[in-house]
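For reference, the structure discussed in these notes is given below.
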Amino acid sequence: PFKCPFVLNSYPIDPGLMGAKKEAVREEQVISLFWAKVASLLHAATVAHATNQNDDSANLPASLIDDENVFMLHSACSAPSPLAIVRLCLSLYPEQLLSRDQDGKLPLHHAACRKWDIREFRKTNDDKLIGMPNLIQKESSKALVLVLNSSPAEAARTFDNEGRLPFHCAIDSAVRAVVDYTFTNRKFSKRGSESEDDTDDALFTVVKDLRAMIRVSPETMEKRDGRTGLYPFMQVSAVAAEHLAHHDTKLRSTKITLSLTYALLLENPSLVSVGLKNIIQR
């Protein structure tokens with residue numbers, strides 16, 4: 001059975017600062033009950049997220065939360081949880097920022113692996129559900145940047161058990177998000193110009209996040225993905241092609257691939273020669 005961490009173990013409470021000891025204990029019990037519900041919801045969301053997604057990037061083990069070692073921060077980063085929950089877990093469990101789960105992943109890996117909801121890119125006036133887009137607008141992007149800025153620099157340079165950096169995970173999630181959003185826009189939009197503008201906005205968001213990760217650890221651009229053996233700028237093309245094939249469409253693969261590949265190569269143009277050497281050797 002799942003065990004929730006007791007809040008008292010997360011931060012000390014001084015009864016003297018809260019009045020009578022009995023009142024302090026009572027308040028602690030109320031807070032603990034609330035946090036038990038939050039932890040249970042995170043656990044359920046993480047398990048459901050891992051079960052329902054077929055993408056490798058979202059193949060997250062249900063054992064992120066277990067009886068012996070509770071990785072609340074990892075779960076908050078991996079599941080599509082509200083940004084406020086991610087921020088709260090960062091405040092309560094900062095020591096988990098460098099804690100590895102059974103797959104060798106840090107919270108930054110999980111934030112990078114988080115699958116984006118296509119509604120995060122939609123503009124308020126394009127959606128019939130007034131207010132809904134604003135609640136989740138670019139939430140995965142914000143969660144990634146929040147965890148990135150909160151993590152020690154070494155987190156961005158940490159490989160998981162598959163030999164993947166958080167940057168490699170972010171490329172998978174980001175490229176798939178842009179492809180999914182563009183495909184959905186093309187399918188349901190009545191005016192092509194709107195699709196173009198919205199896709200450009202999605203690309204801009206993704207490129208901005210990837211560049212933020214590069215600034216923290218520039219050397220990641222020169223590290224091969226442990227799963228595919230590809231450099232990041234090559235990985236973009238491979239992921240885009242694979243995911244477009246999943247949609248069984250010829251949807252603007254050139255624009256998506258070239259835009260992201262060009263953006264990455266701008267950060268380290270010398271990698272072009274590395275790519276050419278690999279092609280010649282093959």
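The figures here come from the full heavy-atom set of this structure, side chains too, leaving out hydrogens, waters and symmetry mates.
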For this session: Return the minimal non-hydrogen interatomic distance between Ala155 and Ser151, and the atom names on each side.
Result: CB-CB, 3.8 Å
Problem set entry | Criterion side-chain contact (heavy atoms from CB on, under 4.5 Å) on Asp225 and Met234, from CA distance to verdict | CA-CA 10 Å; Asp225 175 24; Met234 298 175 176; over 6 Å; no
For this session: Answer yes when Asp117 and Arg119 have at least one side-chain N-carboxylate O distance shorter than 4.0 Å, and no when they do not.
Result: yes
Exercise. Do any N or O atoms from the side chain of Ser81 and from the backbone of Cys77 form a donor-acceptor pair under 3.5 angstrom?
Worked result: no
Seminar exercise, completed: OH (Tyr231) and CE (Met221) are apart, to the nearest 0.5 Å, by 11.0 Å
Problem set entry | Side-chain touch His109/Asp103, heavy atoms, less than 4.5 angstrom | no
Problem set entry | Any residue meeting side chain to side chain donor-acceptor pair (under 3.5 Å) with Ser141, in chain and number order, not counting sequence neighbours | Asp209
For this session: Could you tell me whether the side chain of Leu106 reaches within less than 4.5 Å of the side chain of Asp101, counting heavy atoms only?
Result: no
Exercise. Would you say the side chain of Phe167 lies within less than 4.5 Å of the side chain of Pro232, judging by non-hydrogen atoms?
Worked result: yes
For this session: Evaluate the ring planes of Phe71 and His74, with Trp represented by its six-membered ring, and classify them as parallel (under 30°), tilted (30 to 60°) or perpendicular (over 60°).
Result: tilted
Exercise. Which pair of heavy atoms, one from Thr261 and one from Ser237, lies closest together, and at what distance?
Worked result: OG1-OG, 3.6 Å
Problem set entry | Heavy-atom side-chain proximity of Val207 to Ser259 below 4.5 angstrom | no
For this session: May I ask you to decide whether Glu139 forms a salt bridge with Arg114, counting only side-chain N to carboxylate O separations under 4.0 Å?
Result: yes
Exercise. Distance from Leu83 atom CG to Leu88 atom CG, nearest 0.5 Å?
Worked result: 11.5 Å
Exercise. When you measure from the side chain of Gln235 to the backbone N and O of His168, does any donor-acceptor pair fall under 3.5 Å?
Worked result: yes
Problem set entry | Value rounded to 0.5 Å, distance of CG in Leu144 from NZ in Lys208 | 9.0 Å
For this session: Decide yes or no for Lys115 and Arg176: does some side-chain heavy atom of the first lie under 4.5 Å from some side-chain heavy atom of the second?
Result: no
For this session: Kindly compute the distance separating CG (Leu203) from CZ (Phe121), expressed to the nearest 0.5 Å.
Result: 8.5 Å
For this session: Please report the C-alpha distance between Leu90 and Leu97 in whole Å, then the side-chain angles of each, then the deciding distance to 0.1 Å, and finally whether the side-chain contact (heavy atoms from CB on, under 4.5 Å) criterion is met.
Result: CA-CA 8 Å; Leu90 279 168; Leu97 284 169; 3.6 Å; yes
Exercise. Under 3.5 Å, side chain of Gln96 to main-chain N/O of Met72, donor-acceptor pair present?
Worked result: yes
Problem set entry | Check: Ser78 side chain, Ser75 main-chain N or O, donor-acceptor pair, under 3.5 Å | yes
Exercise. Counting N and O atoms only, with roles assigned by atom type, does the side chain of Ser173 sit under 3.5 Å from a partner on the main chain of Ala112, one being a donor and the other an acceptor?
Worked result: yes
Exercise. How many angstroms lie between atom OG1 of Thr228 and atom CD of Glu162, to the nearest 0.5 angstrom?
Worked result: 10.5 Å
For this session: Please assess Lys105 against Cys113 for the test side-chain contact (heavy atoms from CB on, under 4.5 Å), listing each intermediate value before the final yes or no.
Result: CA-CA 10 Å; Lys105 286 182 166 59; Cys113 287; 4.1 Å; yes
Seminar exercise, completed: Closest non-hydrogen atoms of Ala238 and Leu230, given as atom of the first, atom of the second and distance, are CB-CD1, 3.6 Å
Exercise. Is any side-chain heavy atom of Arg227 closer than 4.5 Å to a side-chain heavy atom of Asp172?
Worked result: yes
Exercise. Looking at CG of Leu98 and CD of Glu154, how far apart are the two atoms once the value is rounded to the nearest 0.5 Å?
Worked result: 4.5 Å
Problem set entry | side-chain contact (heavy atoms from CB on, under 4.5 Å) between Lys138 and Asp201, intermediate numbers included | CA-CA 11 Å; Lys138 300 178 181 177; Asp201 180 62; 3.5 Å; yes
For this session: Establish whether Val86 and Val145 are linked, either directly or via other cluster members, by ILVMFWY side-chain heavy-atom contacts under 4.5 Å.
Result: no
Seminar exercise, completed: What one should report as the nearest heavy-atom pair of Ile85 and Ala76 is CG2-CB, 4.3 Å
